[in-house]
2 protein chains.
Amino acid sequence: MAHPSFAVTVDLVVLTVRTDELCVLLVRRGVEPFAGQDALPGGFVRPDEDLGTAAARELAEETGLVVGHLEQLASYGAPDRDPRQRVVTVAHLALVPDQPVPTAGSDAAEARWVPVHEARGLAFDHDRVLADGVERARAKLEYTALGTAFCPAEFTVAQLRRVYEVVWGRALDPRNFHRKVTGTPDLLAATGETTTRDGGRPAQLFRRGTADQLHPPLLRTDT
Amino acid sequence: MAHPSFAVTVDLVVLTVRTDELCVLLVRRGVEPFAGQDALPGGFVRPDEDLGTAAARELAEETGLVVGHLEQLASYGAPDRDPRQRVVTVAHLALVPDQPVPTAGSDAAEARWVPVHEARGLAFDHDRVLADGVERARAKLEYTALGTAFCPAEFTVAQLRRVYEVVWGRALDPRNFHRKVTGTPDLLAATGETTTRDGGRPAQLFRRGTADQLHPPLLRTDT
DNA sequence: GAGGTTGTCGTCAGCACGACGATAAGCAGC
DNA sequence: GCTGCTTATCGTCGTGCTGACGACAACCTC
């Protein structure tokens, strides 16, 4: 039985929080189609690798970033999404701590961080993929401990709070947030160290704890 | 540029609640590989159709069921998941009200309802796909109004409650559940009609409302 | 030391929830 | 009709989490 033949790619929505903005990693396309336009990083799945493996490989090859969290997002396969041939892409969502994009060894055009609200007019259906990824990230922060994926190995409660504020675009009360995250068992692990960053009282440093679910969730009210 | 060629299929996790059990729709495979074993319904994506379109088409062709809700679940593409060739499947999750499987016109072997806890040893990686689908359904019922997707067009609060009890495997207090669902704006729309089913006081009949999110969610405590 | 900035602890009212009592409205049996 | 049973619906009460906000602690600069 002969079945239609597809090309399968993985595309990556790589998000981070830097300079008080939610940013996505984009690459400039050098070849047709959509040459000169921005696109999400990605590439073809190899004949002998799994989808998740391909996503991790592309992330390492194209960006070299330290990754905080990687999960499958969704698949997109509209018949005309690639003018060359029938392509189904399996989009993945990666949350990474703030870090500069390594310039060396990238096999694509230079990658760079772009605030998500400025990332419009992407190649293929990547506008839609990006929107879905951002939406997924916003939703998951409500009921999981994934905010820590945006933070470095050691971080303060204020850094974690700023992540939530940036992702949700909403100010949070520092005292209530502190009570919530420190009150959830195994969410954070104190290191005993403290940090002074800009003038205030030194803050405790934490690592990620073993808990990955938040019960009850954060941000339940609309206002 | 020549890229590896994949076959792309859609597989369907079709769930319903019947006889106080969460059931999944399975078909008996008639051809190799895995001939004689049970599998999720599904089929190849056609050259000119979208993934969601393919899922809806397969659902209609293979089962003819009335569908309450259909969404993409996840994609699976382990290199050895199909011994014949490289196949990537885009699994979809369908929630449908309780109804018998139409026997006529099915182009696959006869489909039937099987309680999910009895559905083991499926073909391909369908054990995993089914587990992911059930998990997704359980999670989504917490914070969306998707429980109504398991109910017929008109239903009582008790029917909806039984859906939640079966999916979660946990008894719910009828009075608190009633307060919750009737207190959420636009979740249910009263028809004004009542039904007598088995001896008790007649219950009000409702239709699905316009709200699809539950804020705050149900079932927040662990016990 | 004064003033500013940031981190952390406490208090309090409001609201949603779980537990559960009470009433309403049908049916079966006598 | 009345009793008993079943199911639906309304109310009440205590508890726990939340948002708003006051207070204090511990660093900085001047």
Side-chain angles (χ1 to χ4, degrees), chain A residues 20 141-143 145 147 151 154-166 168 170-185 187-207 211 213-223, chain B residues 20 141-143 145 147 151 154-166 168 170-185 187-207 211 213-223:
Chain A
D20 287 340
L141 285 206
E142 279 196 27
Y143 57 95
C151 295
E154 299 193 348
F155 54 91
T156 68
V157 175
Q159 283 176 34
L160 183 60
R161 175 169 49 83
R162 229 150 270 152
V163 164
Y164 279 80
E165 291 179 333
V166 168
W168 286 340
R170 177 196 159 173
L172 299 175
D173 186 280
R175 296 155 290 193
N176 293 335
F177 186 84
H178 186 274
R179 174 180 62 188
K180 175 71 175 178
V181 296
T182 57
T184 301
L187 179 65
L188 300 179
T191 64
E193 312 262 324
T194 58
T195 299
T196 301
R197 291 174 304 121
D198 35 15
R201 168 176 167 178
Q204 263 189 286
L205 277 173
F206 294 90
R207 297 179 196 276
Q213 294 286 321
L214 236 49
H215 236 57
L218 280 165
L219 186 72
R220 313 224 325 280
T221 59
D222 306 332
T223 58
Chain B
D20 286 342
L141 257 59
E142 278 196 31
Y143 58 95
C151 295
E154 299 193 347
F155 55 91
T156 68
V157 174
Q159 283 176 33
L160 183 60
R161 175 168 49 84
R162 227 151 271 150
V163 164
Y164 279 82
E165 290 178 334
V166 167
W168 286 340
R170 175 195 160 174
L172 299 175
D173 185 280
R175 297 155 290 193
N176 293 336
F177 186 85
H178 187 276
R179 175 180 58 188
K180 175 71 177 177
V181 296
T182 57
T184 301
L187 179 64
L188 300 179
T191 64
E193 312 261 323
T194 59
T195 300
T196 302
R197 291 175 304 120
D198 37 15
R201 166 175 169 179
Q204 263 189 287
L205 276 174
F206 295 90
R207 298 179 195 276
Q213 293 286 320
L214 236 48
H215 237 59
L218 281 163
L219 186 70
R220 314 226 325 278
T221 61
D222 307 333
T223 58

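Since this is a predicted model, take the numbers as computed values, not measurements. Any value given below was found using the heavy atoms of this structure, including those in side chains, with hydrogens, waters and symmetry copies removed.
Checking D:dT9, C:dG10, C:dA19 against every side-chain atom of A:Arg175, the shortest atom distance belongs to C:dG10. With C:dT8, D:dA8, C:dG7 as the candidates, the nucleotide lying closest to the side chain of B:Arg161 is D:dA8. Comparing atom distances between the A:Pro174 side chain and each of C:dT11, C:dA16, C:dT8 picks out C:dT8 as nearest. For B:Asn176, the side-chain atoms get nearest to C:dC20 when compared with the rest of D:dT9, D:dG19, C:dC20. Taking every side-chain heavy atom of A:Arg179 into account, D:dA20 is the closest of C:dC20, D:dA20, D:dT12.
Rounded to whole Å, the distance from CZ on A:Phe155 to P on C:dT6 is 20 Å. Here C:dT8 presents its C1' atom at 16 Å from CG of A:Leu160, a figure rounded to the nearest Å. In this structure, A:His215 atom NE2 and C:dC17 atom C1' are separated by 13 Å, rounded to whole Å. Straight-line distance from the CG atom of B:Asp173 to the P atom of D:dA8: 13 Å, rounded to whole Å. Rounded to whole Å, the distance from CG on A:Leu205 to C1' on C:dG7 is 12 Å. In this structure, CZ of B:Arg201 is placed 14 Å from P of D:dT7, rounded to the nearest angstrom. As a whole-Å value, the separation of B:Glu193 CD from C:dA25 P is 18 Å. Rounded to whole Å, the distance from CD on B:Glu165 to C1' on D:dT7 is 13 Å.
Going from atom CZ of B:Phe206 over to atom OG1 of B:Thr156 covers 8.5 Å, rounded to the nearest 0.5 Å.
A close approach under 4.0 Å does occur between a side-chain nitrogen or oxygen of B:Lys180 and OP1 or OP2 of C:dC17. Contact between the side-chain N/O atoms of A:His178 and the OP1/OP2 oxygens of C:dC9 is found at a separation under 4.0 Å.
Residues B:Phe206 and B:Gly200 each lie close to DNA chain D; by heavy-atom proximity, the contact nearer the 5' end of the strand is made by B:Gly200.
By the 4.5 Å heavy-atom criterion applied to side chains, B:Cys151 and B:Arg162 are not counted as neighbours. Under the 4.5 Å side-chain criterion, counting only non-hydrogen atoms from C-beta, B:Phe177 is in contact with B:Leu160. The closest side-chain heavy-atom distance from B:His215 to B:Tyr143 is not below 4.5 Å. The side-chain heavy atoms of A:Val181 and A:Tyr164, taken from C-beta on, include no pair separated by under 4.5 Å.
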